[in-house]
> 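The structure is given below, and queries will be raised subsequently.
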Amino acid sequence: MSCKLFIPGPVAVSEKTLRAMARPMIGHRSADFIALYRRLTPQLQALLGTRNSVYLATSSAWGVMEGALRNVARRKVLCCMNGAFSDKWLDVARRCGLEAGGLQFEWGQPVDPAALRAELAKGGYDAVTLIHNETSCGCMSDLPALAAVLRDFPDVISIVDTVSSFSAVPIDQDALGLDIVLAGSQKALALPPGLTVVSVSQRALERAATAPARGYYFDLVEFEKNHEGGMTPSTPVIPLIYALESKLDDIAAEGLAARFARHARLNRLVREWGFARGFRLFPRDGYGSVTLNCFANTRGVDLPALNQQLKTRGFVIDGGYGKLKGKTFRISNMGDETDATMTELLAALDASLKAIGA
Ligand SMILES: *Cc1c(COP(=O)(O)O)cnc(C)c1O
């Protein structure tokens, strides 16, 4: 039996989304596809707070995270690091043959705007990678404060991962002056994995046009050219685009403000549950993610045993990412969850804690 996922991605996918994916294929150069593609653009722009083009890439987020670097990093990239995904981005930059430096913070500490300013002021950087919501440790950095720093360095192109915050909290790409903003499908959008949305500023496109080794599959200039025709460069994952269309309809029906409020409310519900049971948040106070809670395992609970128990009740949570395995546990509240579904999970967690004598 498969259990309902409350891990921070992939998250549970609704029957409605699965049905949307089962529709017959259309040609990706057909009028039907162009109409579908063009219908999605304004809704994606609203979610990202941008008038830039928003491209649909057939890959998980890492494809675009790597590809963006190859488009815009010329001399040296600075990678802001405070968790597993942001740490890995430095490694990915180096694997692309780029010169890259890390601005390292402890896992669970937010990226510090003053430290970012001091490092960029040293000069030599022409791109920055930044993760808004470090899913590995449930830490959400202050994007407006960091963007304010980045705006003072106009030669530095920003690449911002909003993979696990997109559509759950407002993102104001244009107001913040962010260059490249990307998000994957299997987090707060609650779609299956395999699709990434990415929005790119004019400045970033101009930089990309001069990049000799940007490749083909993630060539942003190629994406822009095709976008103008309502298409993608290569054959896209059409079932996921059907799913995205269905999800954007749901989001429009709920309303953006209500969707953001729901994520914030459910996040608090889980957080208070944890506090009442003697756990504390792993990330620094005031920087806990709105889409998941990463609790420090202050009670020394046997997390594999807890998940075993929880599975008999039909649910799974995450027992800690990488070096935090066993030391933290993460509960996602992203996607389609409601007060009722979260309350059901928390009751099952209580029963499971009791069953293992914790
Ligand atoms: C999940 C996640 C990724 C990686 O996404 P893939 O789908 O595995 O490529 C990157 N960044 C963040 C913040 C994530 O949460």
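Please read these numbers as outputs of a predicted model, since none were measured by experiment.
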> Does T343 reach the main-chain N or O of D339 with its side chain, forming a donor-acceptor pair under 3.5 Å?
yes
> Say whether S201 and D179, considering side chains only, have a donor N or O and an acceptor N or O under 3.5 Å apart.
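Judged by distance alone, the side chains do pair up.
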> Within this structure, what is the CG-CG distance for the pair L116 and L103, rounded to the nearest 0.5 Å?
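The CG atom of L103 is 6.5 Å from CG of L116, to the nearest 0.5 Å.
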> One thing to verify: whether E66 and R95 come together as a salt bridge, which I'm taking to mean a side-chain N less than 4.0 angstrom from a carboxylate O.
no
> Tell me, with the steps shown, if F218 and F223 meet ring pair (Phe, Tyr, Trp, His ring centres under 6.0 Å).
CA-CA 8 Å; F218 295 107; F223 269 97; 7.1 Å; no
> Within 45° of the six-membered ring axis of F295 and under 6.0 Å from that ring's centre, is NZ or CZ of K327 located there?
no
> Please determine whether a side-chain nitrogen of the Lys or Arg among D91 and R94 lies less than 4.0 Å from a carboxylate oxygen of the Asp or Glu.
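No, this pair does not count.
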> So, H227 versus Y37, ring centres under 6.0 angstrom or not?
yes
> Restricting to pairs with a member in residues 31-46, which pass salt bridge (Lys or Arg N to Asp or Glu O under 4.0 Å), not counting sequence neighbours?
R39-E245
> Kindly say whether E222 contributes a backbone atom to a donor-acceptor pair with the side chain of N226 at under 3.5 angstrom?
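Indeed, once roles are kept as given, a pair shorter than 3.5 Å links the two residues.
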> Please say whether more than 12 non-hydrogen atoms of neighbouring residues, nucleotides or ligands are located less than 6.0 Å from CD in E15.
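Open.
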> Would you confirm whether R313, through its side chain, and Q309, through its main-chain N or O, come within 3.5 Å as a donor-acceptor pair?
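Side chain of R313 to backbone of Q309: a pair is present.
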> Could you go through the side chain to side chain donor-acceptor pair (under 3.5 Å) check for Q104 and D87 one step at a time?
CA-CA 8 Å; Q104 180 83 66; D87 284 8; 3.2 Å; yes
> Can T17 and S14 be said to form a side chain to side chain donor-acceptor pair (under 3.5 Å), step by step?
CA-CA 5 Å; T17 294; S14 70; 3.1 Å; yes
> Just by distance, do the side chain of R207 and the backbone of V72 share a donor-acceptor pair under 3.5 Å?
yes
> The test is salt bridge (Lys or Arg N to Asp or Glu O under 4.0 Å); show your working for R277 and D350 and say whether it passes.
CA-CA 9 Å; R277 278 146 192 82; D350 278 333; 2.6 Å; yes
> Answer with yes or no whether the side chains of S246 and K16 bring together a donor and an acceptor at under 3.5 Å.
yes
> Would E99 and R74 pass as an ion pair if we require N to O under 4.0 Å?
no
> Suppose we call two aromatic rings close when their centres sit under 6.0 Å apart. Are F153 and Y125 close by that rule?
no
> Grab the two heavy atoms, one from A46 and one from L256, that are nearest each other, plus how far apart they are.
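Nearest pair, atom of A46 first, then L256: O-CD1, 4.2 Å.
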> Once you measure the plane-to-plane angle for W62 and W89, does it fall in the parallel (<30°), tilted (30-60°) or perpendicular (>60°) bin?
perpendicular
> Should D174 and R51 count as an ion pair when the cut-off is N to O under 4.0 Å?
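Salt bridge between D174 and R51, a charged N being under 4.0 Å from a carboxylate O: no.
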> Is D336 salt-bridged to K247, going by a charged N under 4.0 Å from an acidic O?
yes
> Are the ring centres of Y321 and F85 closer than 6.0 Å?
yes
> Which is it for Y287 and Q109 under the side chain to side chain donor-acceptor pair (under 3.5 Å) test, yes or no, and what are the steps along the way?
CA-CA 8 Å; Y287 294 90; Q109 298 299 312; over 6 Å; no
> Salt-bridge test for K122 and E119: reply yes if a basic N is under 4.0 Å from a carboxylate O, no otherwise.
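Yes, this pair counts.
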> Quick test of your reading of the model: are K76 and D126 salt-bridged, counting only N-O distances below 4.0 Å?
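Salt bridge flag = no for D126 with K76.
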> Applying the side chain to side chain donor-acceptor pair (under 3.5 Å) criterion to E134, which one of S86, S141, S289, S164 satisfies it?
S86
> How far apart are the C-alpha atoms of T162 and H132, what are their side-chain angles, what is the distance that settles it, and do they pass the side chain to side chain donor-acceptor pair (under 3.5 Å) test?
CA-CA 5 Å; T162 63; H132 179 207; over 6 Å; no
